[in-house]
Amino acid sequence: MGLGWKLYGDGSAPPPGEVVRPDERLSWGRTVGLGAQHVVAMFGATFVFPLLMGLDANLAVMMSGVSTILFLLIVGGKVPSYLGSSASFVGVATAVHASGGGIAEITGATLCVGVVLALAGVLIHLVGPRIILKTLPPAVTGAVVMLIGFNLAPVVAGTYWPQDQWVALLTMVFVVVATVLFKGFLGRITVLLGLVFGFALSWVLDAVTGPAGVPQEDGSIAEAFRVDLSGVAEAPWFGLPDFHAPAFEASAILLALPLVIALIAENAGHVKAVEEMTGEPLDGHMGRAIIADGVASGLSSAVGGPPTTTYAENIGVMAATRVYSTAAYYVAAIVAILFGLCPKFGALVAATPSGVLGGITVVLYGMIGLLGAKIWVENRVDFANPVVLVPLAAGLIAGIGGVRLSFGDLVIEGIALGTIITLLGYHLLAWLAPEGMKPRPLPEPRPVPER
């Protein structure tokens with residue numbers, strides 16, 4: 001089960017060129033320190049995403065710890081990864097809220113996605129990881145990831161940014177500049193640092209300029225302080241987070257199911273990244289990793305938390321430290337569970353000013369969308385081929401532009417419709433195309449000769 005760790009050398013950090021393997025550990029003091037780094041790395045995104053979905057941030061942080069432990073047990077400790085709140089579902093949650101649904105319908109939909117993801121992992125484990133590339137080629141997965149990010153643009157423009165445009169602007173500028181100027185570990189937690197900066201800025205503006213004008217739903221302007229910490233003072237230090245049972249609504253489930261494609265691609269990419277870093281062949285564990293993420297997402301959703309996914313932030317910590325020990329992840333998971341049992345922390349997260357969220361999300365959502373373009377570039381997708389270009393163009397415009405298909409009371413739009421058009425269109429055209437037009441990656445670019 002991957003619970004026995006051999007002490008690496010004398011327990012100190014590895015010298016240049018050496019690594020600490022998943023089944024090894026440093027001294028327990030250093031392992032606890034690494035676990036704390038993993039907590040900080042995942043923290044910002046893990047509580048921001050449920051906050052944007054309308055879910056309990058305390059429960060999200062606690063379930064990230066539970067999910068990580070479950071993941072490590074299922075993969076037998078072979079794939080060191082941390083499972084935090086998934087960004088992919090923010091758009092689905094927004095669409096469900098807009099259609100009159102609540103958090104129960106959101107978690108019901110994400111629970112179904114977790115089940116389907118786990119079943120897909122079983123299939124991948126049985127037939128091998130090649131099925132991923134055959135069914136979900138980079139052209140399709142890149143388009144779906146792009147849909148997920150860019151579909152959220154109206155949320156920023158219509159919900160968060162107008163609440164306090166100047167705080168949003170300055171927070172955005174801070175995150176952008178910090179991402180470039182901050183190096184190493186600080187450069188990987190700029191979202192968390194942006195939250196702290198925006199919170200502090202809002203508090204200073206409240207003290208200096210007084211209340212801000214906040215737009216109301218009826219078009220009026222109400223005066224209110226940006227930061228309200230009354231809930232933090234009233235919250236206890238220890239207590240259980242808010243659990244709730246999921247509800248199952250067909251329209252919400254259909255809206256969320258296309259995200260399985262993005263989650264499979266994300267998990268597979270992270271497994272390959274860990275494989276490259278550790279030098280251990282992990283293709284045989286890819287199915288197990290996807291099963292584990294599906295099971296963890298289903299469990300989290302079943303009690304009212306957000307779905308989970310493996311975190312690139314924590315992979316970055318491993319790359320920087322060259323310590324791949326799963327012992328550090330168990331420490332991080334236990335710390336996250338303890339944080340989730342502190343309602344005062346949850347109240348502090350809930351007090352985040354909307355203007356701060358506006359500044360962060362305008363960067364965050366764009367980055368999610370551009371990850372799709374990154375998939376295209378890295379896999380040399382050939383957009384000169386109409387078999388690739390036409391279905392992706394149609395799917396992106398339909399998904400981002402709000403095109404709707406109605407079948408009685410059932411409406412398919414947004415990410416769901418864009419994914420269906422992209423996936424079916426791509427495979428249909430690839431099947432109909434003559435041999436010379438079958439999609440193939442572009443050739444490797446030739447190196448420019450030095451003069």
Side-chain angles (χ1 to χ4, degrees), residues 1-47 60-85 178 182-193 196 270-282 285 289 292 296 308-342 345:
M1 298 178 71
L3 292 175
W5 300 280
K6 296 175 291 185
L7 182 66
Y8 172 82
D10 61 356
S12 58
E18 298 292 326
V19 300
V20 179
R21 298 162 59 89
D23 60 349
E24 298 176 328
R25 66 168 177 84
L26 301 180
S27 65
W28 280 115
R30 291 182 175 88
T31 297
V32 170
L34 282 168
Q37 285 191 60
H38 282 298
V39 170
V40 174
M42 69 83 183
F43 214 71
T46 293
F47 76 73
V61 172
M62 186 181 82
M63 290 309 298
S64 76
V66 174
S67 297
T68 298
I69 292 173
L70 183 61
F71 178 91
L72 293 173
L73 292 175
I74 292 176
V75 300
K78 300 295 185 183
V79 186
S81 290
Y82 192 92
L83 267 64
S85 306
F182 291 0
K183 305 298 181 183
F185 184 66
L186 288 178
R188 288 192 294 272
I189 59 169
T190 51
V191 171
L192 179 60
L193 296 177
V196 174
H270 287 171
V271 170
K272 297 302 288 184
V274 173
E275 178 184 76
E276 185 176 336
M277 287 190 301
T278 61
E280 296 286 336
L282 294 177
H285 298 280
T308 59
T309 188
T310 51
Y311 258 28
E313 291 90 335
N314 296 91
I315 292 175
V317 172
M318 289 193 296
T321 61
R322 291 174 287 111
V323 177
Y324 309 116
S325 171
T326 56
Y329 280 111
Y330 277 101
V331 170
I334 293 169
V335 172
I337 292 171
L338 294 176
F339 263 117
L341 295 174
C342 178
F345 160 74

S.K.: Less than 4.5 Å apart, side chain to side chain, heavy atoms only: is that true for Leu83 and Thr310?
M.R.: yes
S.K.: Kindly write out the residues that satisfy side chain to side chain contact (heavy atoms under 4.5 Å, CB included) with Ala333, not counting sequence neighbours, or none if the list is empty.
M.R.: Thr68, Ile69
S.K.: What residues form a side-chain hydrogen bond (donor to acceptor under 3.5 Å, both in side chains) with Ser81, not counting sequence neighbours?
M.R.: none
S.K.: For Gly35 versus Val331, what's the shortest heavy-atom pair and its separation?
M.R.: CA-CG1, 4.0 Å
S.K.: Apply side-chain hydrogen bond (donor to acceptor under 3.5 Å, both in side chains) to Ser64 and list each qualifying residue two or more places apart in sequence or on a separate chain.
M.R.: Tyr82
S.K.: What side-chain donor-acceptor pairs closer than 3.5 Å can you find for residues 22-29, not counting sequence neighbours?
M.R.:
from, atom 1, to, atom 2, distance (Å)
Glu24, OE1, Arg21, N, 3.0
Ser27, OG, Arg30, N, 3.4
Ser27, OG, Arg30, NH1, 3.2

S.K.: For Ile74, enumerate each residue passing the side chain to side chain contact (heavy atoms under 4.5 Å, CB included) test, keeping only those at least two apart in sequence or located in another chain.
M.R.: Leu70, Ala292, Val295
S.K.: Holding to side chain to side chain contact (heavy atoms under 4.5 Å, CB included), I want the full list of residues that pass it with Ala289, two or more places apart in sequence or in another chain.
M.R.: Phe71, Val75, Val271
S.K.: Could you give the distance from OH (Tyr330) to CG (Leu73), rounded to the nearest 0.5 Å?
M.R.: 4.0 Å
